[in-house]
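Below: one structure, written as structure tokens.
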Amino acid sequence: MNDKDKNIYPIFDQMLSRQHKEQLLNQCGTVIWMTGLSGSGKSTIGKGLEKKLFDEGVLTTLLDGDNVRTGINNNLGFSLEDREENIRRIAETAKLFLESAIVTICCFVSPLKSIRDRAREIIGDENFIEVYINTPLDICEERDVKGLYQKARSGNLANFTGIDSPFEAPDSPYVEIKTLNRTVEESVEELYQAVMNKIKLV
Ligand code: ADP
């Protein structure tokens with residue numbers, strides 16, 4: 001069924017353009033999509049990047065898995081269907097920020113290529129910067145920031161990514177950050193250097 005049949009008449013073409021807003025903010029709207037295992041460092045590096053960009057005068061927002069699941073997605077679980085709907089809503093939300101020229105940092109495990117491709121499709125390939133936070137499973141498990149690996153190993157948490165649910169690493173991410181033997185500051189700096197050219201208005 002198309003929009004007219006549903007009595008829906010979008011006004012996207014009548015709104016102020018993203019380009020106008022980019023000029024206003026002197027930055028390019030873009031989505032920085034961080035994928036990686038739980039505990040790999042997505043939120044830590046994402047927060048660090050946001051702080052660094054803020055200090056440089058860049059307007060950002062950060063969308064993070066657990067935050068989103070306490071708000072707009074608080075009715076979703078971890079079945080495959082719910083994971084897909086989780087990402088669809090996140091991608092649509094990121095797109096709203098993108099259209100307002102805001103640099104949107106998304107920190108989500110997003111374990112499957114198909115799930116990330118769905119997000120890329122919604123957001124638009126040219127706006128989607130895929131960042132792979134690559135930390136070996138044993139290190140994530142050792143860090144066990146939220147105690148979830150222990151729960152999963154002891155059988156008290158099912159479908160946990162990396163344990164009994166798959167993680168498919170991206171084939172060709174825009175940037176890959178290896179956190180092993182690096183400080184948080186080094187990882188943030190590496191990401192900042194890699195994305196800055198996508199954010200600066202030329
Ligand atoms: P995720 O958001 O991917 O689940 P978190 O950011 O919550 O992961 O946790 C990552 C943990 O790893 C933090 O406790 C962080 O301090 C630690 N850590 C150690 N080295 C690094 C690094 N180089 N980059 C990011 N995090 C690191």
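One-based numbering, in listed order, for ligands and for the atoms of each. Side-chain atoms are counted along with the backbone in the values below, which use heavy atoms only and exclude waters and symmetry mates. What you are looking at is a predicted structure, and each value in this text was computed from that prediction instead of being measured.
- Among protein heavy atoms, the minimum distance from atom 16 (O) of ligand 1 is reached at V184 CG2, 4.1 Å.
- Residues E189 and Q193 have side chains that bring a donor and an acceptor to within less than 3.5 angstrom of each other.
- Of the heavy atoms in V145, only side-chain atoms (C-beta onward) come closer than 4.0 Å to ligand 1.
- Note that R69 lies in the cation-pi zone of F78, set by a 6.0 Å cut-off to the ring centre and a 45° limit from the axis.
- Contact annotation for S187 and ligand 1: only side-chain heavy atoms (C-beta onward) come within less than 4.0 Å of the ligand.
- Contacts of L37 with ligand 1, taken as heavy-atom pairs under 4.0 Å, involve the backbone alone.
- At a 4.0 Å cut-off, at least one heavy atom of G39 sits close enough to ligand 1 to count as contact.
- Some N or O of G41 is nearer than 3.5 Å to an N or O of ligand 1, by distance alone.
- Shown are N67, D64, D66; of these, the side chain to side chain donor-acceptor pair (under 3.5 Å) with S43 is made only by D64.
- Taking distance alone, with nitrogen or oxygen atoms compared against 3.5 Å, S40 approaches ligand 1 more closely than that limit.
- Checking T135 against T179 by side-chain atom types alone, a donor-acceptor pair falls below 3.5 Å.
- E176 and N134 form a side-chain donor-acceptor contact under 3.5 Å, judged by distance and modelled atom types alone.
- Atoms of ligand 1 lying under 4.0 Å from any heavy atom of R182, numbered from 1 in the order shown and given with element: 20 (N), 22 (C), 23 (N).
- Within ligand 1, the atoms closer than 4.0 Å to a non-hydrogen atom of S38 are 4 (O), numbered from 1 in the order shown.
- Within the 4.0 Å heavy-atom criterion, the part of T183 lying near ligand 1 is the backbone and not the side chain.
- Under 4.0 Å from ligand 1, heavy atoms of K42 appear from its side chain as well as its backbone.
- The protein atom (non-hydrogen) at minimum distance from atom 20 (N) of ligand 1 is R143 NH2, 3.4 Å.
- For the residue pair S165 and N159, no side-chain donor N or O sits within less than 3.5 Å of a side-chain acceptor on the partner.
- Relative ring orientation between F108 and W33 is described as tilted, the plane-to-plane angle lying within the 30° to 60° band.
- Under a 4.5 Å side-chain heavy-atom cut-off, the cluster of Ile, Leu, Val, Met, Phe, Trp and Tyr residues that includes I139 is completed by L180.
- Considering only non-hydrogen protein atoms, atom 13 (C) of ligand 1 sits nearest to T44 OG1, 3.6 Å.
- Rounding to the nearest 0.5 Å places CZ of F97 at 6.0 Å from CG of L63.
- Counting the atoms of ligand 1 from 1 in the order shown, those under 4.0 Å from a heavy atom of I45 are 24 (N), 25 (C).
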